[in-house]
Amino acid sequence: MNWGFIVMTAGIHCDVLITGGGVAGVLAAAAAASSGARAVLVERRLFIGGTAVAGLLNNICGLYLNGGDLPAGTLNSGMTANVVSLLNKLAPERRIRRLGRVFVLPFRPDDLKTVLQSLCSNETKLTVLTGTEVTAVEKKNGRITTVVTLNNGALRRINPSVVIDCSGNGGTSVLAGVPFDISPPEEIQMSGYTAFVKGIKKPEESMPLKIPYYLADAAAAGRLPPHLRFTVFSAGDHPDEGFLKFSIAGGISDKEAKTDALDALGYLAQRIPALKDAYIHKTSQGVMEREGRRIKGLYTLTQDDVLNAVKFSDGVVKNSWPIELWDRKRGPVYRYVPSGDYYEIPFRCMQVEDFSNLLCAGRCISVSHEALGSTRVMGVCMAMGEQAGYAAARYAAQGSFNSNGIRS
Ligand SMILES: Cc1cc2nc3c(=O)[nH]c(=O)nc-3n(C[C@H](O)[C@H](O)[C@H](O)COP(=O)(O)OP(=O)(O)OC[C@H]3O[C@@H](n4cnc5c(N)ncnc54)[C@H](O)[C@@H]3O)c2cc1C
């Protein structure tokens, strides 16, 4: 970075500042603005949607009750349910789908981006600043007073009444000096890298089984890097398309991930005739982190809370998604919430220790390593963002979060 070209632009005052424009941040921003707060959303990428869009994901998890018949609606109502119905309007053919004991909603990243953009543009009190990175935080007496952002060489000071950290890895809270937990390297869940493949000819139905088998075999024999053994293949919208989803156990750069993806496809092309002329059309925008920092909140949700379907007096989000851990040695491991039941995420998991005007929402909330395996999925992050947005707007208007939980 060349600090010689940095200029200071006019500061902004706002009621609610949301840092990070992933699914949690966008719903937080829209909810705060819809409650009458002057909200500002800052996102360092040039687009909103976060991991869901940049990672080329295609199923929203954590929206529905597990077990039983196809659910009639989402577990959390409000804006999360609205996102689902807007996605349904854009792609009516993509309906809720059963995957074993759970249900997911298939989506296209571009559709999600369109829906999230429409949520933002409907809110006249919301300003969205993309390409804008949080670089510093100033605090006084347990309050965040100023957040400094950088956009295109220009620094800006933002003075909010309240801040919601939706940065995925808790970066804003860490800049403020909030303590956090992080799993030891050998425990941290595998990251992911997706390659969107085109040029598949006469696809075989068995490819979702054959591809992981061939790659696991090659990884075991040392012909391909060991992490390729957990690769998954899913078909795309058209017969000539598919997704190769790689799981990565740390320490691999975006460039290395791409090289490994090309090597894997080259290896497969020699063994599966349908892939002979296949090529990588697009990849996720780098290696995507499943697990990062967990900010210390007033309560830390545990594995027992999840598996015993615990409800809390300040429960604000319902979740029935299992603990899904992408274990470095075993691959994905699932532990289920009791069938037909859900647990609640208490508001205290979003309230940050020792800071009166800071909330966290999305992937970085206060949970254990195991509980994160359940709370980190998109449907849950959206619902958390929405609740944090309403609470922050209340704080800006009344000086207190005053969260009464789900049952009020
Ligand atoms: C490989 C992989 C596969 C997954 N598969 C699924 C799946 O199939 N279904 C599902 O539901 N979930 C899935 N997930 C989980 C899910 O995608 C994420 O946990 C969820 O989207 C997180 O949302 P978020 O809004 O909390 O954070 P993010 O989406 O990470 O958004 C955080 C945003 O903050 C921005 N940001 C960070 N720091 C700064 C800063 N300093 N200044 C400004 N902006 C900043 C980032 O650019 C980003 O846009 C998967 C995750 C991974 C990694």
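Remember, it's 1-based here, ligands and their atoms both numbered in the order they're listed.
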Next on the checklist: Suppose we measure from atom 47 (O) of ligand 1 to each protein heavy atom; which comes out shortest, and what is that distance?
Outcome noted: E43 OE2, 2.7 Å

Next on the checklist: Would K139 pass as a cation-pi partner of F355, given that its NZ or CZ must be under 6.0 Å from the six-membered ring centre and within 45 degrees of the axis?
Outcome noted: no

Checklist entry - Taking the six-membered ring of Y267, is the NZ or CZ of R223 close enough (under 6.0 Å from the centre) and on axis enough (within 45°)? => result no

Checklist entry - In terms of atom number and element, which parts of ligand 1 are under 4.0 angstrom from non-hydrogen atoms of M378? => result 10 (C), 11 (O), 12 (N), 16 (C), 17 (O), 21 (O)

Next on the checklist: Can you name the atoms of ligand 1, numbered from 1 with element, that are less than 4.0 Å from a heavy atom of L57?
Outcome noted: 3 (C), 4 (C), 5 (N), 6 (C), 13 (C), 14 (N), 17 (O), 50 (C)

Next on the checklist: Under a 3.5 Å distance rule, please check whether R294 uses its side chain to pair with a backbone N or O of V367 as donor and acceptor.
Outcome noted: yes

Item to check | Shortest heavy-atom approach to atom 53 (C) of ligand 1 - which of M288, Q189, R45 | outcome: M288

Next on the checklist: Does ligand 1 come near enough to C61 that some N or O of the ligand is less than 3.5 Å from an N or O of the residue?
Outcome noted: yes

Item to check | Nearest non-hydrogen protein atom, atom 26 (O) of ligand 1 | outcome: R363 N, 2.9 Å

Item to check | Nearest non-hydrogen protein atom, atom 30 (O) of ligand 1 | outcome: T51 OG1, 2.9 Å

Checklist outcome for this item: Counting from 1 in the order shown, the ligand 1 atoms closer than 4.0 Å to a non-hydrogen atom of C166 are 32 (C), 33 (C), 34 (O)

Next on the checklist: Test of understanding: given a 4.0 Å heavy-atom threshold, classify the contact between T132 and ligand 1 as side chain, backbone, both, or neither.
Outcome noted: backbone

Checklist entry - If you draw a 6.0 Å radius around OH in Y334, do more than 12 non-hydrogen atoms from other residues or ligands fall strictly inside? => result yes

Next on the checklist: Minimum heavy-atom separation for L358 and F401, please, with both atom names.
Outcome noted: N-CZ, 4.4 Å

Checklist outcome for this item: atom 34 (O) of ligand 1: closest protein heavy atom, distance to 0.1 Å, is G20 CA, 3.2 Å

Checklist entry - Does any N or O in the side chain of T135 come within less than 3.5 Å of the main-chain N or O of V148, such that one atom is a donor and the other an acceptor? => result yes

Item to check | Closest protein heavy atom (residue, atom, distance) for atom 23 (O) of ligand 1 | outcome: V23 CG2, 3.7 Å

Checklist entry - Going by heavy atoms in the side chains, are L275 and I211 under 4.5 Å from each other? => result yes

Next on the checklist: If we ignore hydrogens and angles and just use 3.5 Å, is the side chain of T146 paired with the main-chain N or O of N159 as donor and acceptor?
Outcome noted: no

Item to check | Subset of ligand 1 atoms that lie under 4.0 Å from at least one heavy atom of V134 | outcome: 40 (C), 41 (N), 42 (N), 43 (C)

Checklist outcome for this item: If we number the atoms of ligand 1 from 1 as shown, the ones under 4.0 Å from a heavy atom of G192 are 1 (C)

Checklist entry - Any side-chain heavy-atom pair from I12 and L129 closer than 4.5 angstrom? => result yes

Checklist entry - For Y343, does its backbone N or O pair with a side-chain atom of D305 as donor and acceptor, under 3.5 Å? => result no

Checklist entry - Can a cation-pi geometry be assigned to K282 and F243, taking NZ or CZ under 6.0 Å from the six-membered ring centre and within 45° of the ring axis? => result no

Checklist entry - Just heavy atoms, cut-off under 4.0 Å: does E289 contact ligand 1 by side chain, backbone, both, or neither? => result backbone

Checklist entry - Any idea which protein heavy atom is nearest atom 31 (O) of ligand 1, and the distance to it? => result G22 CA, 3.4 Å

Checklist entry - Just which atoms of ligand 1 are under 4.0 Å from any heavy atom in R376? => result 14 (N), 15 (C), 16 (C), 18 (C), 19 (O), 20 (C), 50 (C), 51 (C)

Next on the checklist: Has E187 got a side-chain atom pairing as donor or acceptor with P184's backbone, closer than 3.5 angstrom?
Outcome noted: no

Item to check | N/O donor-acceptor pair under 3.5 Å between D254 side chain and V287 backbone | outcome: yes

Next on the checklist: Among all the protein's non-hydrogen atoms, which is closest to atom 52 (C) of ligand 1, and how far away is it?
Outcome noted: R290 CG, 3.7 Å

Item to check | Per-atom contacts, ligand 1 versus A24 - under 4.0 Å to a heavy atom | outcome: 25 (O), 26 (O)

Item to check | Under 4.0 Å to a heavy atom of N59 - the qualifying atoms of ligand 1, by number | outcome: 7 (C), 8 (O), 9 (N), 10 (C), 11 (O)

Checklist outcome for this item: Among G171, C381, A136, closest by heavy atom to atom 22 (C) of ligand 1 is C381

Next on the checklist: Give me the residue, atom name and distance of the protein heavy atom closest to atom 44 (N) of ligand 1.
Outcome noted: R44 N, 3.1 Å

